[in-house]
Amino acid sequence: MADDPVHLVAVIGAGPAGLFAARALAATGARVLLLNRDIKPGGLAEYGIFLNKYKMKGGLRRQFHKILTDPLITYLGHVTISNKGDLTVPDLEALGFDALVYAIGAQGTKYLGVEGERLPGVYHAKDLVYHYNRLPPFSERPFPIGRRVAIVGVGNVMVDIANYCAHFTDCDEIIAIARRGPFEKAYDDREFEDVEDAFDHALYREEIERIRPRLVAAGQNPDELLAALAAKPEGSRTRARLRFRFLASPRRVLAEGGRVTGLEVEENRLERQGDRIVAIGTGETSVIPADTVVFAVGDRVDEDAGLPYKDGLYLTVPGEDPAAAYQVLDPAAGKAQPGVFVVGWARRASDGVVGRARLDAETGIRHVAGYLAARPKRPRAEAERAVESLRKTLAERGAAVVDYPAVQRLEAAEKARAAADKVEEFKFRSDREMLDAIRS
Ligand SMILES: Cc1cc2nc3c(=O)[nH]c(=O)nc-3n(C[C@H](O)[C@H](O)[C@H](O)COP(=O)(O)OP(=O)(O)OC[C@H]3O[C@@H](n4cnc5c(N)ncnc54)[C@H](O)[C@@H]3O)c2cc1C
């Protein structure tokens, strides 16, 4: 009923975790305010999933549209909550929400401590992914890709970066570098199909022979890999060739005159420790020539968001209680901050696909609902006044807040542009262009 009493909850971040959290909260009857840094909702579903996965992105956008048109959910985009944002965490706490759910993803960069990691021509995968998926401000900065690209990491994000380099740039060679061996690869075979046309079988066989003694010493059978390879058709359609370099840990990015020339790596051997295979450095180094280096090694959460932080993660309550893992810790008190929760990649950085973020959000919201059950509700009209008052505060602070009807106008303008340009998808490159499109 429109005037039934409600709980008022803010969800911060409108990626998959925040959106599915909002949906689960609304299903309990809560009034939800969804605050999002980007103008558009979707997070990495909008700005991470590979460029031409139109069907998958379209399906997700349709689900998000349903959530964002729920009358219990108000979307306010282009609002950052952080120490340097439009609102700080204490600002939000002072507004008297019944609960706060942080779903802000993993926006920090994981540096490995490798010398030269911040040189021009060295990128962190998330930044490059945001660039080619047109998320401002990354979309506005050049990310030149050279002829030989070394990608550190062998997960699904490596596959996306290799896909981008092979099909959307002029590069000749892509080298995927793994600390461990081919049996420990982290990418899914389904995802790898997107780069099969660049995958060089002869170079793979050569690499397996190079590391054969080290695989055998770890009890692994290289012939299994060669048999699996023989069963696959060889790709020969892209100019760029994709190869692997296994058992190599990056030690130093080499540069001359400010330009990247290669990546120095340390050779590893493999050792079985219990049920794990670990890489052990041998001390022997070699250089992989490259003019571009991309680190695709996962991300960490944003240290400046204002939540208690340690070693790339936000602090949650320790202990066996399943709810604890979703409750943000008050480090001074050594217990949960009442009503403050974290879900999705903000809780476990770089952990899995959209389905997993949804599950994590839904699980988290069950614990939020448990917490809310003991709290009094407020009249619906009072909740509406609180939402309006926050909109006003943001406007007074000069934030160009974008609500969901405005997002829909933006999407319509982008669709019209795509149709005029006869392309599958068009995205404005800057916040300014998006805001202009919304206003016109
Ligand atoms: C390169 C790449 C490719 C991927 N491809 C696929 C795929 O093909 N299929 C698949 O299922 N999954 C894929 N994933 C995984 C999927 O994108 C994630 O599982 C999912 O997006 C995580 O959701 P999240 O909401 O926790 O975080 P995010 O998607 O990162 O969303 C975080 C949201 O929080 C907002 N935000 C951030 N900081 C703040 C702040 N301070 N204040 C306010 N708002 C903030 C952001 O604007 C964003 O909207 C991919 C991931 C990557 C990195």
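Read the numbers this way: they start at 1 and go in the same order the structure lists the ligands and their atoms.
Shown here is R134, whose CZ atom has more than 12 heavy atoms of other residues, nucleotides or ligands within 6.0 Å.
Evaluation of the salt bridge (Lys or Arg N to Asp or Glu O under 4.0 Å) rule for R397 yields D91 as partners, not counting sequence neighbours. For D436, the side chain to side chain donor-acceptor pair (under 3.5 Å) test picks out no residue, with sequence neighbours left out.
Between N268 and S249, the side chains place a donor N or O and an acceptor N or O closer than 3.5 Å (distance only, hydrogens not considered).
Interatomic distance, CD1 of I277 versus CZ of F183, reported as 10.0 Å (0.5 Å rounding).
Each of I12, G13, A14, G15, P16, A17, N36, R37, D38, G43, L44, G48, I49, K53, M56, V79, T80, I81, A103, I104, G105, Q107, V129, V157, D160, G344, W345, G352, V353, V354, A357 has a non-hydrogen atom positioned under 4.0 Å from some atom of ligand 1.
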Do any side-chain atoms of residues 136-150 form donor-acceptor pairs under 3.5 angstrom with protein atoms, and if so which ones, sequence neighbours left out?
unit_1, atom_1, unit_2, atom_2, d
S139, OG, L135, O, 3.3
S139, OG, R429, O, 2.6
R147, NH1, D170, O, 2.7
R148, NE, P289, O, 3.0
R148, NH1, E173, OE1, 2.5
R148, NH2, P289, O, 3.3

